[in-house]
Amino acid sequence: MFFLGATIFSVAMSRWPWKWRHGPFLVAHLGILMVLVGSWVTDRFGLDGNLRIEEGQTSNQVELSQPELVLSDGKSLSSVPVKWTPPHARFSPIDIEDYGLRVTEFITYADPSLSFIPSDQASITDLPAMKVRLTGGPMRVSQEYWLWAGDPGFANVSAGPAFFFIRPDAQTANALDLNREELRGRPRILFRVRPNGDIFYESRSAENTLRS
């Protein structure tokens with residue numbers, strides 16, 4: 001990009017001293033230089049990523065071109081830049097003092113493994129989490145989904161044609177959860193978690209409504 005910009009600038013300077021008839025020529029070259037400078041500013045100081053949102057879903061996760069380690073405790077979110085390391089190169093450990101963590105290895109093209117552990121706090125049902133396992137079909141294929149009320153990306157999960165929702169029982173149910181127009185005719189299950197840990201659900205499809 002630097003050499004392309006230098007070439008464009010040199011071509012513009014080759015017409016010096018400029019005359020009025022060089023106006024369109026200079027404006028075109030100036031525009032190209034502005035695009036290159038803007039690309040450099042975005043690369044150095046901006047955020048360039050992809051946000052994937054499927055129909056009927058919400059998300060707050062952006063895919064970045066550079067590796068980032070994202071840490072969240074349900075109330076705050078922080079990210080730590082991680083320098084990409086080739087598979088056979090030595091990785092320099094990263095200490096994250098705020099969380100008491102130490103990153104010792106960079107695994108390229110790894111699949112995430114999600115899990116939630118019980119909390120010892122009294123208000124564990126403020127942000128409940130649960131695992132849903134679906135099994136069926138001729139091959140008895142099983143698939144698991146985590147639901148967590150602490151993040152929009154986990155609180156509403158699309159499982160094929162069905163949609164799962166999870167909410168604390170103290171949170172007022174939103175009719176849009178199950179009755180959104182784009183979800184009509186598709187199976188929908190809303191899980192509600194009571195303060196004592198009990199779970200009840202509302203299930204709706206195009207034909208019926210079930211409460212348990």
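Basis for what follows: all heavy atoms, side chains included, without hydrogens, waters or symmetry-related copies.
Heavy atoms from other residues, nucleotides or ligands lying under 6.0 Å from CZ of R44 number 12 at most. Within a 6.0 Å radius of CE in M34, other residues, nucleotides and ligands contribute 12 heavy atoms or fewer.
Put simply, the side chain of L101 does not reach to within 4.5 Å of the side chain of I94, judged on heavy atoms. Considering only heavy atoms from C-beta on, S158 stays 4.5 Å or farther from F164 through its side chain. With a 4.5 Å cut-off on side-chain heavy atoms, P81 and E68 count as touching. Looking only at side-chain heavy atoms (C-beta outward), L36 and F2 stay at 4.5 Å or farther from each other. Put simply, the side chain of I166 reaches to within 4.5 Å of the side chain of M130, judged on heavy atoms. Side-chain contact between V82 and F106: present, with at least one pair of heavy atoms (C-beta onward) separated by less than 4.5 Å. With a 4.5 Å cut-off on side-chain heavy atoms, V103 and F91 count as touching.
Across every non-hydrogen atom of S39 and M1, the tightest pair is CB-CE, 3.3 Å. R167 and A155 get closest at one heavy-atom pair: NH1-O, 3.5 Å.
A donor-acceptor contact shorter than 3.5 Å is absent between the side chain of W18 and the backbone of L26. Side-chain atoms of S115 do not come within 3.5 Å of backbone N or O of S113 as any donor-acceptor pair. A distance-only check finds a donor-acceptor pair linking the side chain of H22 to the backbone of K19 [under 3.5 Å].
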Step-by-step ring-ring contact (aromatic ring centres under 6.0 Å, His included) determination, W146 to F116: CA-CA 9 Å; W146 272 105; F116 290 79; 4.8 Å; yes
Can M13 and V11 be said to form a side chain to side chain contact (heavy atoms under 4.5 Å, CB included), step by step? CA-CA 5 Å; M13 292 301 297; V11 171; over 6 Å; no
Derivation of the side chain to side chain contact (heavy atoms under 4.5 Å, CB included) call for L147 and F154: CA-CA 5 Å; L147 298 175; F154 285 94; over 6 Å; no
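We find the OG1-CD distance between T135 and E144 to be 8.5 Å, quoted to the nearest 0.5 Å. Note that the OG1 atom of T104 and the CG atom of D95 stand 10.5 Å from one another [nearest 0.5 Å]. Here the straight-line distance linking atom CG of L71 with atom CG of D98 works out to 9.0 Å at 0.5 Å rounding. Atom CD1 of I8 sits about 6.5 Å away from atom CG of L33, to the nearest 0.5 Å.
Under the 4.5 Å side-chain contact rule for hydrophobic residues, W40 and V35 do not share a cluster. By the rule that hydrophobic residues join a cluster once side-chain heavy atoms approach within less than 4.5 Å of another member, V37 and L30 end up as members of separate clusters. Cluster annotation: L134 and I189 are assigned to the same hydrophobic cluster (Ile/Leu/Val/Met/Phe/Trp/Tyr, side-chain heavy-atom contacts under 4.5 Å, transitive). Under a hydrophobic clustering in which Ile, Leu, Val, Met, Phe, Trp and Tyr are joined whenever their side-chain heavy atoms come within less than 4.5 Å, directly or via other members, W16 and F9 fall into the same cluster.
Note that R15 lies in the cation-pi zone of F25, set by a 6.0 Å cut-off to the ring centre and a 45° limit from the axis.
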